[in-house]
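In what follows, a single structure is set out as structure tokens and then discussed.
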There are 2 protein chains.
Amino acid sequence: MFAVFEQYLQRKEFFTPAEIEHIRAASTVRTLRKRQYLLQAGDGWQSNAFVASGCLRTYSVDAKGLEHIIGFAVENWWATDQESLLSHQPSRYNIEAMEDSTVIVLHNDDFERLRREIPAFDKVVKALVLRSFMAAQDRVHSAISYSAEQKYREFLQKYPGLVQRIPQHMVASYLGVTAETLSRIRRQW
Amino acid sequence: MFAVFEQYLQRKEFFTPAEIEHIRAASTVRTLRKRQYLLQAGDGWQSNAFVASGCLRTYSVDAKGLEHIIGFAVENWWATDQESLLSHQPSRYNIEAMEDSTVIVLHNDDFERLRREIPAFDKVVKALVLRSFMAAQDRVHSAISYSAEQKYREFLQKYPGLVQRIPQHMVASYLGVTAETLSRIRRQW
DNA sequence: CGTCTGCCTTGACTTTTGTCAAGACTATTG
DNA sequence: CAATAGTCTTGACAAAAGTCAAGGCAGACG
């Protein structure tokens, strides 16, 4: 499964075999069964996880027990909680496998070391962080500008295929609407 | 006004006088009158702007003519449109001065060159991008999880002082609610 | 194979938020 | 200083979304 990660990296930048070996040495491959947690709220988190296969979700649980999904991560995406990582505080989020999944876990110390030692790796991460920021900002824009229906349309268009893999009520949670509302939007079509 | 930028940088990392001079050489100081635009939707954007004084807002205008503020930037913050910058497409956003302001503008070519030439500068930018991502993600979390009132409370607590400087209807736009709704929330207190 | 759980839908009703229109107050500016 | 533009508030009403409760269906699993 590390091969998926290697291909991801090579697609973005050129890595020598030695560099790949360094990265492999720092990596831990973890398999998760459906519904298994990679991170549970309240625990600390000091890693970054690359999804080699499967699908995860990151979500919080509010005072009323409602779940709010802040992100999905399928193959070739990353799942992480930078907030806990940077603050060294327990996480507010849960990261849970929605399908049987395989992830490549890199402890943040190793991750930062690899950024220093391998310029290509640093480049990949720089681009990743910047793109993540832009994606988050764009989602803020949708959240404050669009109706539930518009947000759903945008989701379909932006992530075609995802809707096939993810239960509808979780898409609703991701969009910030209730499962009933999303069901009613779809009924009208 | 460049001094504000220098202090900002020195507070984050150590810069030699020569490094500061390199940065100064690439910088353009621009003063903006209240209501003046730094960027208008439809134009291209190839820079990053550091706010030395004053206050700016970044917003889009939707099909109905309604404004949606995706961000404010006061002293020691940055104002930019990474989307236009990275895609080389015309911007969807306007950046407008809400007060008489002074900004330090760095063309992206110079910005990237400085990152390569000055490690401390690269460090500052890395941290900035990561923090921006986390802030955006946190805002997504609020947007999908909270009611209008809860979002307003969080805003007050997160950016005390900002509410003194920014017209209320713009705070409403930032939160994704109408000016009337925000006014009614405040009435209840 | 039958039970159970998760998922989706639907209806009836409530709450929240938006829309439109009007008015008051304030600061700016010619 | 008078006109004006910007800001905030309020009321009446409309629309959007949430809540609660029920039922059906399909897949998972003992």
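Here is the naming used below: chain letters follow the sequence lines, and residue numbers restart at 1 for every chain. Source: prediction; values computed, not measured.
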Are the ring centres of A:Tyr93 and B:His141 closer than 6.0 Å?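 Under 6.0 Å, so yes.
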
Overall bend - the helix from C:dC1-D:dG30 to C:dG30-D:dC1, comparing terminal axes fitted on five pairs, nearest 10 degrees: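 That helix gives 40° between its end axes.
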
Under the side chain to side chain donor-acceptor pair (under 3.5 Å) rule, collect the residues that match up with B:Tyr37, sequence neighbours excluded.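 Side chain to side chain donor-acceptor pair (under 3.5 Å) list for B:Tyr37, sorted by chain: B:Tyr59.
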
Send over the distance from [X] [atom1] to [N] [atom2], rounded to a whole Å.
X	N	atom1	atom2	result
A:Asp100	D:dA28	CG	P	11 Å
A:Arg35	C:dG6	CZ	C1'	7 Å
A:Arg186	C:dC7	CZ	P	15 Å
B:Leu182	C:dT19	CG	P	15 Å
B:Arg57	D:dG6	CZ	C1'	12 Å
A:Gln188	D:dA15	CD	P	14 Å
B:His169	D:dT9	NE2	C1'	14 Å
A:Met170	C:dC7	CE	C1'	10 Å

Can you sort out the partners of B:Glu6 under salt bridge (charged side-chain N to carboxylate O under 4.0 Å, His left out), two or more places apart, ordered by chain and number?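 With neighbours one apart ignored, the set is empty.
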
Can you tell me which residue pairs pass the salt bridge (charged side-chain N to carboxylate O under 4.0 Å, His left out) test with a partner in residues 169-182 of chain B, sequence neighbours excluded?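 Applying salt bridge (charged side-chain N to carboxylate O under 4.0 Å, His left out) to every pair that reaches into residues 169-182 of chain B, excluding sequence neighbours, yields nothing.
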
Strictly by salt bridge (charged side-chain N to carboxylate O under 4.0 Å, His left out), give each pair with a member in residues 78-90 of chain A just once, sequence neighbours left out.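 Only A:Glu83-A:Arg92 qualify under salt bridge (charged side-chain N to carboxylate O under 4.0 Å, His left out).
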
Dump the intermediate steps for side-chain contact (heavy atoms from CB on, under 4.5 Å) on B:Arg186 and B:Tyr152, then the final yes or no. CA-CA 9 Å; B:Arg186 286 161 46 88; B:Tyr152 183 57; 3.2 Å; yes

Which of residues 145-168 of chain A have a heavy atom under 4.0 Å from DNA chain C?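 Only A:Pro167, A:Gln168 qualify.
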
Just by distance, do the side chain of B:Ser84 and the backbone of B:Pro90 share a donor-acceptor pair under 3.5 Å?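 No.
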
Is B:Glu19 reaching over with its side chain to a backbone N or O of B:Thr16, donor-acceptor style, under 3.5 angstrom?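 The answer is yes, because a donor-acceptor pair under 3.5 Å joins these two groups.
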
How many angstroms lie between CZ in B:Phe111 and OG in B:Ser27, if you round to the nearest 0.5 Å?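 Going from the CZ atom of B:Phe111 to the OG atom of B:Ser27 covers 10.5 Å.
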
Considering residues at least two apart in sequence or located in another chain, which fulfil the side-chain contact (heavy atoms from CB on, under 4.5 Å) criterion with B:Glu149?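 Scan of B:Glu149 (side-chain contact (heavy atoms from CB on, under 4.5 Å), adjacent residues dropped) gives B:Ser147, B:Arg153, B:Ile185, B:Gln188, B:Trp189.
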
Using the six-membered ring wherever Trp is involved, compare the ring planes of A:Phe5 and A:Tyr8 and label them parallel, tilted or perpendicular (cut-offs 30° and 60°).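 If you compare the ring of A:Phe5 with that of A:Tyr8, the planes turn out parallel.
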
Protein-nucleotides 11-15 of chain C N/O pairs closer than 3.5 Å?
from: C:dG11; atom 1: OP2; to: A:Arg187; atom 2: NH1; distance (Å): 3.0
from: C:dG11; atom 1: N7; to: A:Arg184; atom 2: NH2; distance (Å): 2.8
from: C:dG11; atom 1: O6; to: A:Arg184; atom 2: NH2; distance (Å): 2.8
from: C:dA12; atom 1: N6; to: A:Arg184; atom 2: NH2; distance (Å): 3.2

Within a radius of less than 6.0 Å around CZ of A:Arg33, do more than 12 heavy atoms belonging to other residues, nucleotides or ligands occur?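 Not buried by this count: 12 neighbours or fewer within 6.0 Å.
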
Show every donor-acceptor pair shorter than 3.5 Å between a side-chain atom in residues 46-56 of chain A and any protein atom, with sequence neighbours excluded, or say none if there are none.
from: A:Gln46; atom 1: NE2; to: A:His88; atom 2: ND1; distance (Å): 3.4
from: A:Asn48; atom 1: OD1; to: A:Thr80; atom 2: OG1; distance (Å): 2.8
from: A:Asn48; atom 1: OD1; to: A:Gln82; atom 2: NE2; distance (Å): 3.1
from: A:Ser53; atom 1: OG; to: A:Thr102; atom 2: N; distance (Å): 3.3
from: A:Ser53; atom 1: OG; to: A:Thr102; atom 2: OG1; distance (Å): 3.1

Listed pairs, N/O of protein and of nucleotides 22-30 of chain C, under 3.5 Å:
none

All N/O contacts under 3.5 Å from nucleotides 22-27 of chain D to the protein, with atom names and distances to one decimal?
none

Just N and O in the side chain of A:Thr181: are any of them under 4.0 Å from OP1 or OP2 of D:dG18?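 Checking D:dG18 against A:Thr181, a side-chain N or O does come within under 4.0 Å of OP1 or OP2.
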
If you look only at pairs with a residue in residues 117-127 of chain B, which of them pass as a side-chain hydrogen bond (donor to acceptor under 3.5 Å, both in side chains), with sequence neighbours excluded?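 Qualifying pairs: A:Asp122-B:Lys126, A:Lys126-B:Asp122, B:Arg113-B:Glu117, B:Arg115-B:Asp122.
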
Show, in sequence, the C-alpha distance, side-chain angles and deciding distance for B:Glu154 and B:Ser142, and conclude whether the side-chain hydrogen bond (donor to acceptor under 3.5 Å, both in side chains) test is met. CA-CA 8 Å; B:Glu154 194 192 45; B:Ser142 310; 2.6 Å; yes

Presence of salt bridge, A:Lys34 and A:Glu99, under 4.0 angstrom: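 A salt bridge is absent here (no side-chain N lies under 4.0 Å from a carboxylate O).
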
